[in-house]
Colleague: 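Quick one: the structure is below, questions incoming.
None of the values given here were measured: they were computed from a predicted structure. These numbers come from the heavy atoms of this one structure, side chains and all, not from hydrogens, waters or symmetry mates. So you know, we letter chains A, B, ... as the sequences are listed, proteins then strands, and number each from 1.
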Amino acid sequence: MKETIKRLVIKAAHAAYENGELNSPDLPEVEIEAPKFGNQGDFSTNFAMVSASIQKMAPKKIAETIIPYLTKNADLFDKVEAAGPGFVNFFVKPSAWPPMLKDVHEKGDRFGAPDLGKGEKIQVEFVSANPTGPLHVGHGRGAAVGDALARILSFSGYDVQREYYINDSGRQINTLGRSVFIRYEELYGIDVTFPDDCYQGGYILDIAREIQASRGNDLLEFEEHRAVSECARFAAKIILDDIRLDLKTFGLVYDNWYSEQTLYDAGKVDGVITEGRETGLVYEKDGALWFKTTRFGDEKDRVVVRSNGDTTYFASDIAYHREKYDRGFSRVIDVWGADHHGYIPRIRAAIEASGRGKEQFDVILIQLVNLLRDGEPVAMSTRAGEFVALKDVINEVGSEAARFIFLTRHHESPLDFDLALAKKKTNDNPVYYVQYVHARIASIIRNSMERGIETVPYSEETMAGLVAPEEISLIKTMAEYRETVRTAAELMEPHRITYYLITLASAFHAYYNKHRVLCEDPVLTLARLYLVMAVKKVIHNGLSLLGVSSPEKM
RNA sequence: GCGCCCGUAGCCCAGGGGAUAGGGCGUCAGCCUCCGGAGCUGGAGAUCGCAGGUUCGAAUCCUGCCGGGCGCACCA
């Protein structure tokens, strides 16, 4: 509808110019928007105001000039008028709306899909928690946002791969091994003081017991570094399996799990460093090797190989990101915790150093989740090992509610997650508010079938009955879906879909409360069924972009 | 100290330059003889942190300040 009006405005301006009523054929970018207030029409354009300087005319005058050209051949409008400082307001004929429902019915699950990606291969990497401990609520938010984003982008025509990067190499894994080994030693009565830098969580002891169960005391015979590395391997596998299980319970399916260790095994990390030395991007100073990230806007250069010979995580991250593009992705999106934001410039620098453009890399930062219960904070500290595991949250509130709540805020805004609230089946909890619409409509459809009502395809005569303000408002809201999805995809902001669904649900509930779908008038009943079934489809469509189900019954 | 994010009603948040700033919670007053009340309608409640600037027009863009969070390792 917006596109149609935009074309009409451009056409009108051209015609006016040819008749000598406008001074210039040049047109600025014409924008059509939906005004907030009913008395300002269904749509408006700022054309006259933005053209004022080009035309050297007063905005109001321009508006009045083009209006006759707009109304001349368009039977779309009841009226078009100039208003305010120079807006042109369009009042669309109510009968212009129902045809839009046909589109919803025909496209179904594809309704509203913006044609943005054109099959472009992109990757969304998210969660990628180190296999040193179970996933906690914060990871859950990253998972919900990352997955929804992947769904939205895929819906928008991109060829999306979901990837999990496994940090299965380096110091943290070694620390994990040490932690487990010490607990293991304790099981055999060897008293070792547990270091502060080791992982404190109870799951470490569980893993030590598993090792004990599967291979007895033989690790005690090993040299310590070998025992530690055995423990590390064993523990990382158990933890990673646990992570996979959590993600699966959360409804997540990854396309690829990428191991950091394989980068080392294939010599990719060394390769990047050697190549850097040849091109001068990597240099030696104070016995360490540094990457010249300052050349690409970072505030200082970063170490890739420490003076003790250890490579840093940054080194493998350079290799990893290069690898992503080599695998054919033209665009890469990383979803990180907001506390990693300081890492962005150096990764960006590394990517630009390999000849990729700025627009090929995005980082989505996920802000903190504050876990509450009845408004009181639930203590969480990863260091002390007292975090709330994602699985506990899912068990308590369900993965649907958890997902939806994670998506009720902009991802860079901190989120209060109240466990008590998330379980409530009231208006406080927007998941049910939206799902309820779907179930309610499903129920209406069941009733209609019991009464033997045969639904009909779209026809102008039947749909002519859809004239109530609540009906028009419902259709208008559905017409906004496409733009909402497009914006969500372009800005990588899944929460826009969440808010949209709440708005649509609200429009439906208001309608439902005032009008009966299955009413005395058989023709009107058919039209309303058609309308309400369209709403059901859009709700389903939107919820599926968030990874949330749409129940037929609740 | 430097960098990034946030500051919108009593509370939690939406608002990618447009007219009279929206929704939820809470609060007050109402709505089921009727398709699912997990619902609906209406009140009250806002100096959009402060001060400048750009613009015909700023919650939105720019600069400075104030307040909060997070980062600033040869850690990740």
Colleague: For a quick test of reading the model: is some side-chain N or O of Y436(A) closer than 4.0 Å to OP1 or OP2 of A38(B)?
Modeller: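 For A38(B), OP1 or OP2 has a side-chain N or O of Y436(A) closer than 4.0 Å.
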Colleague: Any salt bridge between R331(A) and D362(A), counting N to O under 4.0 Å?
Modeller: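 Salt bridge flag = yes for D362(A) with R331(A).
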Colleague: For the base of A19(B), is there a side-chain donor-acceptor partner from N89(A) under 3.5 Å away?
Modeller: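 Looking at the base of A19(B), it does pair with a donor or acceptor on the side chain of N89(A) (distance under 3.5 Å).
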Colleague: So does H340(A) reach the base of G71(B) with its side chain, donor to acceptor, closer than 3.5 Å?
Modeller: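 By the distance-only test, no, there is no pair.
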Colleague: Only counting residues at least two apart or in another chain, list the ones meeting ring pair (Phe, Tyr, Trp, His ring centres under 6.0 Å) with Y500(A).
Modeller: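 For Y500(A), the residues satisfying ring pair (Phe, Tyr, Trp, His ring centres under 6.0 Å) (neighbours in sequence not counted) are Y481(A).
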Colleague: What string of B, S and - do you get for nucleotides 53-62 of chain B 5' to 3' if you count protein non-hydrogen atoms under 4.0 Å?
Modeller: ----------
Colleague: Strictly below 4.0 Å, N to O, side chains only: are E480(A) and K2(A) in salt-bridge contact?
Modeller: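 Salt bridge flag = no for K2(A) with E480(A).
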Colleague: Please name all residues satisfying side chain to side chain donor-acceptor pair (under 3.5 Å) with N89(A), sequence neighbours left out, ordered by chain then number.
Modeller: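 Per chain and number, N89(A) pairs via side chain to side chain donor-acceptor pair (under 3.5 Å) with no residue.
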Colleague: Which parts of residues 315-323 of chain A get close to RNA chain B, meaning a heavy atom less than 4.0 angstrom away?
Modeller: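 Close to the strand, none.
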Colleague: List the residues meeting salt bridge (Lys or Arg N to Asp or Glu O under 4.0 Å) with R516(A), not counting sequence neighbours, and say none if there are none.
Modeller: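 Once residues adjacent in sequence are excluded, R516(A) has no partner under the salt bridge (Lys or Arg N to Asp or Glu O under 4.0 Å) criterion.
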Colleague: For A288(A) and for T487(A), find the nucleotide of RNA chain B with the closest heavy atom, then tell me which residue's nucleotide is more 5'.
Modeller: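 The residue closer to the strand's 5' end, by nearest nucleotide, is T487(A).
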Colleague: Excluding sequence neighbours, so at least two apart, what forms side chain to side chain donor-acceptor pair (under 3.5 Å) with S156(A)?
Modeller: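 Partners of S156(A) under the side chain to side chain donor-acceptor pair (under 3.5 Å) test: none.
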Colleague: Charged N to carboxylate O below 4.0 Å: is that the case for E471(A) and K476(A)?
Modeller: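 A salt bridge is absent here (no side-chain N lies under 4.0 Å from a carboxylate O).
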Colleague: Side chain of V517(A) only, please: which of G16(B), C35(B), A76(B) is the nearest?
Modeller: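 Of the options given, the side chain of V517(A) lies nearest C35(B).
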Colleague: NA contact type, N46(A), heavy-atom cut-off 4.0 Å: base, sugar-phosphate, or nothing?
Modeller: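 Base contact.
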Colleague: Just compare G36(B), G15(B), A14(B) and give me whichever is closest to any side-chain atom of A439(A).
Modeller: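 Side chain of A439(A) sits closest to G36(B).
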Colleague: Can you sort out the partners of R171(A) under side chain to side chain donor-acceptor pair (under 3.5 Å), two or more places apart, ordered by chain and number?
Modeller: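 Scan of R171(A) (side chain to side chain donor-acceptor pair (under 3.5 Å), adjacent residues dropped) gives none.
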Colleague: Counting any heavy atom closer than 4.0 Å, what does E299(A) reach on the DNA or RNA strands: base, sugar-phosphate only, or nothing?
Modeller: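 Here E299(A) touches the backbone only, sparing every base.
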Colleague: Let me spell it out: for each of R496(A) and I502(A), pick the nucleotide of RNA chain B with the closest heavy atom. Which residue's pick is nearer the 5' end?
Modeller: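 Counting from the 5' end, the first nearest nucleotide belongs to R496(A).
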Colleague: Taking only the C1' atom of each, what is the distance from G17(B) to G24(B) in whole angstrom?
Modeller: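 Those two atoms are separated by 27 Å.
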Colleague: What nucleotide, of A19(B), G36(B), C74(B), holds the atom closest to the side chain of R306(A)?
Modeller: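 So the side chain of R306(A) is nearest to C74(B).
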Colleague: For Y433(A) and C40(B), is the shortest distance between a side-chain N/O and OP1 or OP2 below 4.0 Å?
Modeller: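 Indeed, a polar side-chain atom of Y433(A) lies that close.
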Colleague: State the dot-bracket string of RNA chain B. Criteria: Watson-Crick or G-U wobble, both atom distances under 3.5 angstrom; notation: ( ) intrastrand, [ ] crossing earlier pairs, | interstrand, . unpaired.
Modeller: (((((((..((((....[...)))).(((((.......))))).....(((((..]....))))))))))))....
Colleague: Would you say that more than 12 heavy atoms from the other residues, nucleotides or ligands in this model lie under 6.0 Å from the CD of E483(A), or not?
Modeller: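 Counting other residues, nucleotides and ligands, CD of E483(A) stays at 12 neighbours or fewer.
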Colleague: Out of A76(B), C5(B), A14(B), which nucleotide sits closest to the side chain of Y343(A)?
Modeller: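 Taking heavy atoms from C-beta onward, the closest nucleotide is A76(B).
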Colleague: Quote, to the nearest angstrom, the C1' distance that separates A59(B) from A46(B).
Modeller: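 Per the computed distance, 11 Å lies between those C1' atoms.
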Colleague: Taking atom P in both C48(B) and A29(B), what distance in whole Å separates the two?
Modeller: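 31 Å, rounded to whole Å.
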Colleague: Between G69(B) and G10(B), how far is it from one P atom to the other, in whole Å?
Modeller: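 Approximately 22 Å lies between the P atom of G69(B) and that of G10(B).
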Colleague: Taking E125(A) first and then K324(A), would you say they form a salt bridge - that is, a charged N and a carboxylate O separated by under 4.0 Å?
Modeller: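 Salt bridge between E125(A) and K324(A), a charged N being under 4.0 Å from a carboxylate O: yes.
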Colleague: Would you indicate what S413(A) reaches in the nucleic acid, counting non-hydrogen atoms under 4.0 angstrom: base, sugar-phosphate, or nothing?
Modeller: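 Touches sugar-phosphate only.
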Colleague: Which residues satisfy the ring pair (Phe, Tyr, Trp, His ring centres under 6.0 Å) test with Y313(A), sequence neighbours excluded?
Modeller: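 Ring pair (Phe, Tyr, Trp, His ring centres under 6.0 Å) list for Y313(A), sorted by chain: empty.
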Colleague: So which protein nitrogen or oxygen atoms get under 3.5 Å of nucleotides 8-12 of chain B's nitrogens or oxygens?
Modeller:
residue : atom : partner : partner atom : Å
C12(B)  : O2'  : R409(A) : NH2          : 2.4

Colleague: Among residues 504-515 of chain A, which ones have heavy-atom contacts with RNA chain B below 4.0 Å?
Modeller: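 Within this stretch, H509(A), A510(A), Y512(A), N513(A), H515(A) sit under 4.0 Å of the strand.
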Colleague: Does K60(A), at its NZ atom, have more than 12 non-hydrogen atoms belonging to other residues, nucleotides or ligands within less than 6.0 Å?
Modeller: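 It does: K60(A) NZ has more than 12 such atoms within range.
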Colleague: Is it the case that the side chain of Y432(A) and the backbone of A401(A) share a donor-acceptor pair, with hydrogens and angles ignored and the cut-off at 3.5 Å?
Modeller: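 Not at all, since once roles are kept as given, no pair shorter than 3.5 Å links the two residues.
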Colleague: If anything within 90° of 0 is syn and all else is anti, what is C40(B)?
Modeller: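 For C40(B), whose glycosidic angle is more than 90° from 0, the conformation is anti.
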Colleague: Give a yes or no on this: more than 12 heavy atoms of other residues, nucleotides or ligands lie within 6.0 Å of atom CZ of R446(A).
Modeller: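 Correct, the count exceeds 12.
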Colleague: Which residues satisfy the side chain to side chain donor-acceptor pair (under 3.5 Å) test with R409(A), sequence neighbours excluded?
Modeller: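 Listed in chain order: nothing, the list is empty.
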